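Working notes for the structure below.
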Amino acid sequence: MQELAKTYNPKDFEQRIYQSWEQDGDFHQEAATDKPPFTIVMPPPNITGQLHMGHALDQTLQDVLTRWRRMQGYAALWVPGTDHASIATEVRVADELFEKEGKTKEDVGREAFLDRVWLWREIYGGRITEQQRRLGDSCDWERERFTMDEGCNKAVVEFFVRLYRKGLIYRGYRMINWCPQCGTSLSDAEVEHEDVQGQYWYIRYPGADGGEGVVVATSRPETMFGDTAVAVHPDDARYKDLIGKTVVLPLVGREIPVVADPYPDPEKGTGAVKITPAHDPNDFEVGQRHSLPQVVCIDFEAKMTAEAGQYEGMDRYECRKAWVAALADAGFVVKTEDVVIPTGMCYRCATAVEPMLSNQWFVKMKPLAEPAIAALKSGELKFVPERFGKTYLRWMEEIRDWCISRQLWWGHRIPAWYCDSCGKVIVAQKRPLACSTCGATGDALRQDEDVLDTWFSSALWPFSTLGWPEDTEDLRKFYPTSVLVTGYDIIFFWVARMVFSGIFCMGKSPFSHVFIHGLVRGADGQKMSKSLGNGVDPLEIIGKYGADALRFMLLHGSAAGNDMRWSEESVISARNFANKLWNAARFVIMNLDGRTQFAPTDGGQAQFAPTDGGQAQFAPTDEDRWILATTARVAGEVTEALEKFELSVAIEKVYDLIRDEYCDWYIELVKSRLYGGDETSKRTAQAVLVSVLSDLLRLLHPFMPFITEEIWGYLGKDGKLIRDRWPAGRPDAPWGPLSDAAADADDAGAVARIEALKDVVRAVRNIRAEAGTEQGKKVPVVLMADAPPALAEHHIKALAGVSEVTVIADEKDVPKDAASAILKGMVVYVPLAELVDNEAEREKLLKERERLEKYAGQLEAKLANEGFTSKAPAQVVEAERAKLNSAREALEKTIERLEVLMA
RNA sequence: GCGGGCAUAGCUCAGCUGGUUAGAGCGCAUGGGUCACAACCAUGAGGUCCCGGGUUCGAAUCCCUGUGCCCGCACCA
């Protein structure tokens, strides 16, 4: 058996182990299997992206669930892939083109530009998947997909056509969000609102009849060139007489009507609103109701049109300044007011979005949203934590039609053709040979220039990756998927859209659970970002501390759905824990005397028979049974936590088991047997050490896959075995299965005895520490017990630095000068006169008495309360009674002890 | 305006469907180069669970009000 290096050094093995996983195809999952399916589709990162902490968290959660289910015997499939990220990628490649060659994308043309993007993706698009490997992602790389690959494209086109044929996709001249920087329309979800410091200008529109006219307030005076009316509320007494009259647009000179409409709120501004149907969604509506002309005064580059007269060609904000100055000079500005204006910004480039009229494609959302709402209400779809279901519902219920066309080149081109001869629009999977109306062919049929919103293709991800629209074996086996893991920030963009698309195409919600996590914030609590300089690169952290340590930190960090704060100290703690485990394993291996046969040699059955010729004799002691039973208990708790998606609880339990129980107690308890025990006792200890370690490694494996598998390898075993079985019940014990009732009772006794032993050891250590006993000095201990405690004296001696243990039963035998500790069922005395400060001892006891009196008093009151005894469950009452009894007992002993001291 | 979250030890946070003498990590204090581990070990100090009401036999936990932070949606008169 090889020896482990003295210090845990993840660099030595993480990459090697990942390569072996991948080479062996360990994460590949075929549909043809009897195992029950467990499926996760990975939220596809953008090809322009680099792995950041948010990904690291997201991926780690998915990996834990996948690995755990795989160990449990599921056909666990985790489908990876990347997203083409229409806008982000196009802008990126266009920028590079301009930087390197000084050309715009229009200069090179559509085809050539797209060739460049594909080339770019070829070279850089896979970077992130390499980074995912560093994290340890156990996804099925053989199934890696791309939202623009052939299959996905086919799915997108099919989806579009089906929606169109059902009347759920339409083309229309509507008000949309336009990003002048990216040069494309955006959906409502892609617009972020930000508060911007701005102003209201109160501007007088004089009456056409020479009257006073009306004063309107606006934050966007430059849109005045597009004004085609002023609206007032029909019940607003102030403006009653104006309705039906006309006012004059100052300086422009155009006469516009004053219309009565319910839209203006008499409480706001002056109660009169300028109406610009071409540049404001609300005004657009008003314009429709009153058949107002739509005057476009701002173009797609956010520059003023000819409607703005002398300002034509000027940027919208430049124009605002100049125009307001001109109005003020002419005396039309009544007053100005500083105000915060919530402004729509492009989520990609943060440019102020311009509401514009244009021809776009839309998805009619109401009919699609209804079943998606029903899926949540019926429980077919569940959010973890539940509150995010509310967020989802709210959005679905207030949903508006989805603008899906984008004025870009990189993306799925809209499968619609226009016939130049007759004007017909043909929507089809493939380019039609001829116009179905007029028979025109060839160049007369022009395909729509636009591409689809990136999220239109992401919406199909849970089934397009499994082969839809074909009826594949994969789809039948793995759809609907089990759980979708993602951040709350893309519930609208992605989760909601997958749900209605999945229901529309497949008839079922694409997943039964949505497991939502929060953001990883910077150490300062701010969102991690380049501009703030608080970002942390996961790869750098992996390089410094290992992927396992990073994973541990991310998993342990916080509760589901809550944001977590980055802390490098926590990663260091996690690395230290890994080192602890590493050394525990090193200890075990060093003490096996080369008996590698103590490790399990196949998936389920342990093979503990020694291969060195001897016949194994095993004689389990209390500590053996205790650690086996404890491990079994914790394994159950870990499983339970995982089932509830409480990953941080799960990993903490494994951590405590390894660190507190196995390392701090079991290994210490067993040392004497390893160093000086007889053969049987030694062999038993070795066997238990190994079999428990095996299960510990398994329990930790989904969370920290690298170190666990590396250690497993040092045990001389095939790495696959660790992934074969999830611990349920007790670890294999060499003396047989011990699962009958008698054995359980035996275990229970052993557990109680070891727990009592731990109390005694801790008590003695405490006394020693408080008294400042020298480290090496042995002290005698006297135990007074009601019943003989059956505690292994040699353990007390070894673990607490004790020379002699005397058990007494009679009050008279209590040593005179001694430090003491009162435990359950016994009192521990350390009779070392020179160490005892009777004054301090007395004070300690007085405090203790006070505390116990108070505590017992509370319990008594509780138990005297008839409401409690009659209404609380019997076992709760029983538990309280037991607490009271032990409190009383401790109190009694404390008082006795005080009396002795006072005497 | 509508909706949601958070407030627990010096710091960062757990604490699920009410019953714990309220926990962890880090930090702090004391002692220790012990032969798995100083990336360690042992021991300890430290908390009116934001304020105020309510429900209940019982509230950190459920409900309401308030205060303070944070987020999402809507709103560019």
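Proteins get letters first, then strands, A, B, ... in listed order; numbering begins at 1 in each. Everything numeric here is computed off the predicted structure, so don't read it as measured data.
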_Under 4.0 Å from OP1 or OP2 of G4(B): is there any side-chain N or O of Lys390(A) that close?_
yes
*If you check the Lys6(A) side chain, which of C37(B), C40(B), A36(B) turns out closest?*
C37(B)
*Ignoring backbone atoms, test whether Lys580(A) places a side-chain nitrogen or oxygen under 4.0 Å from the OP1 or OP2 oxygen of C41(B).*
yes
*Could a donor-acceptor pair under 3.5 angstrom be found where the side chain of Glu668(A) meets the base of A36(B)?*
yes
*Is any side-chain nitrogen or oxygen of Arg586(A) closer than 4.0 Å to OP1 or OP2 of C37(B)?*
yes
*asked:* Base of C13(B), side chain of Arg565(A) - is there a donor-acceptor contact under 3.5 Å?
replied: no
*Counting only side-chain N and O atoms of Asn591(A), is one of them less than 4.0 Å from OP1 or OP2 of A36(B)?*
no
*Closer than 4.0 Å, any side-chain N/O of Arg659(A) to the OP1 or OP2 of C41(B)?*
yes
*Just say parallel, tilted or perpendicular for the rings of Phe493(A) and Tyr347(A), cut-offs at 30° and 60°.*
parallel
*asked:* For A74(B) and His193(A) - does any side-chain N or O of the residue sit under 4.0 Å from the phosphate oxygens OP1/OP2?
replied: yes
*Compute the centroid of each ring, for Phe552(A) and then for Tyr655(A), and state whether the two points are separated by less than 6.0 Å.*
yes
_For the aromatic rings, using the six-membered ring if either is Trp, is the centroid distance between Phe645(A) and His513(A) under 6.0 Å?_
yes
*With no angle test and no hydrogens, is the base of A42(B) tied to the side chain of Arg765(A) by a donor-acceptor pair under 3.5 Å?*
no
